[in-house]
Amino acid sequence: PKSGGLAAYRNANELDPPPRFFYHIGDAGDFDYLSRLMACWFDENDVALFEPTDRFITGTTLIERWQGQPIIQPEAFIQAKIKESRLLVVHPTCGITQGSKPGDESLPPMSAGLFLLADVQAIEAKDFGEDRDVQNESPSSLCRSASASLIRQHFAVLSDADANDEWWSEKMRDAKRNGLGGV
């Protein structure tokens with residue numbers, strides 16, 4: 001929360017109070033940060049009031065996003081922007097990716113990293129002459145879609161399964177107002 005995120009908890013259905021979740025940096029060879037996040041629980045009030053200060057996209061999404069740009073090779077272009085310090089790539093469990101240290105097999109591939117959307121948009125504006133605004137982009141251009149049942153299954157807000165389903169059902173009924181629908 002001090003860095004603009006949400007507090008996440010482990011075993012909230014078993015322990016009271018539940019322990020806080022933190023990524024452990026440096027687990028050699030373990031690049032999967034999503035499975036750990038999918039096991040987390042979040043406070044209902046925190047989720048309802050959350051307004052992110054920063055937005056991120058994955059390396060895979062960035063590569064796909066820049067695939068249609070003429071003359072560039074997305075992976076090489078991304079690495080060039082990293083070397084120019086115009087683009088930062090981070091990884092929740094490893095800190096950095098091969099985008100920062102090409103060829104280092106002990107690091108996850110650049111596609112598994114996270115990039116600040118504001119940095120991506122600044123590069124697009126300056127280098128491609130595009131002025132993209134995340135508020136006007138469709139959600140599918142930023143990330144892959146997920147069904148409501150998949151979201152409910154993997155993002156438990158309440159420890160009681162029935163109460164959790166009811167909470168998510170209420171949010172999904174008014175998805176657009178809650179920032180979950182398309183623009």
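Only heavy atoms go into these numbers, but all of them, side chains included; no hydrogens, no water, no symmetry mates.
Scanning all heavy atoms of the two residues, the minimum distance from Gly113 to Thr97 falls at CA-CG2, 3.8 Å. Nearest heavy-atom pair across Phe50 and Gly4 is CE1-O, 3.4 Å. Across Phe42 and Ala7, no two heavy atoms sit closer than the pair CD2-O, 3.5 Å. Smallest separation of non-hydrogen atoms from His91 and Pro108: CD2-CG, 3.6 Å.
Here Gln79 contributes atom CD and Leu87 contributes atom CG; the two are 11.0 Å apart, rounded to the nearest 0.5 Å. Separation of atoms CZ (Phe115) and CG (Leu62) is listed at 5.5 Å; rounding is to 0.5 Å. Atom OG1 of residue Thr58 and atom CZ of residue Arg65 lie 11.0 Å apart, to the nearest 0.5 angstrom. Interatomic distance, Ile82 CD1 to Ile96 CD1, rounded to the nearest 0.5 Å: 10.0 Å. We find the CD1-NZ distance between Ile78 and Lys83 to be 13.0 Å, quoted to the nearest 0.5 Å. To the nearest 0.5 Å, atom CD of residue Gln121 and atom CZ of residue Phe128 are 12.5 Å apart.
Taking 4.0 Å as the cut-off between side-chain N and carboxylate O, Asp119 and Lys81 do not count as a salt-bridged pair.
In this structure, Leu107 is not a member of the same hydrophobic cluster as Val90, with clusters built from ILVMFWY side-chain heavy atoms closer than 4.5 Å. Hydrophobic cluster membership is shared by Phe77 and Val120, with clusters built from Ile, Leu, Val, Met, Phe, Trp and Tyr side chains linked at under 4.5 angstrom.
Side-chain contact between Ser100 and Val89 is present, with heavy atoms from C-beta onward closer than 4.5 Å. Contact of the Ile72 side chain with the Asp127 side chain is not registered, since no non-hydrogen atoms from C-beta on lie closer than 4.5 Å. Residues Arg20 and Tyr9 form a side-chain contact, since some pair of their non-hydrogen atoms from C-beta on lies under 4.5 Å apart. Side-chain contact between Asn11 and Pro18 is absent, with no heavy-atom pair separated by less than 4.5 Å.
Residues passing the side chain to side chain contact (heavy atoms under 4.5 Å, CB included) test with Pro17: none are found, sequence neighbours excluded.
Counting only residues at least two apart or on different chains, no salt bridge (charged side-chain N to carboxylate O under 4.0 Å, His left out) pair has a member in residues 87-115.
Although no hydrogens or angles enter the test, the distance criterion places a donor-acceptor pair under 3.5 Å between the side chain of Thr60 and the main chain of Ser111.
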message: Between Phe56 and Leu117, does the side-chain contact (heavy atoms from CB on, under 4.5 Å) criterion hold? Intermediate values first, please.
response: CA-CA 5 Å; Phe56 293 86; Leu117 185 57; over 6 Å; no
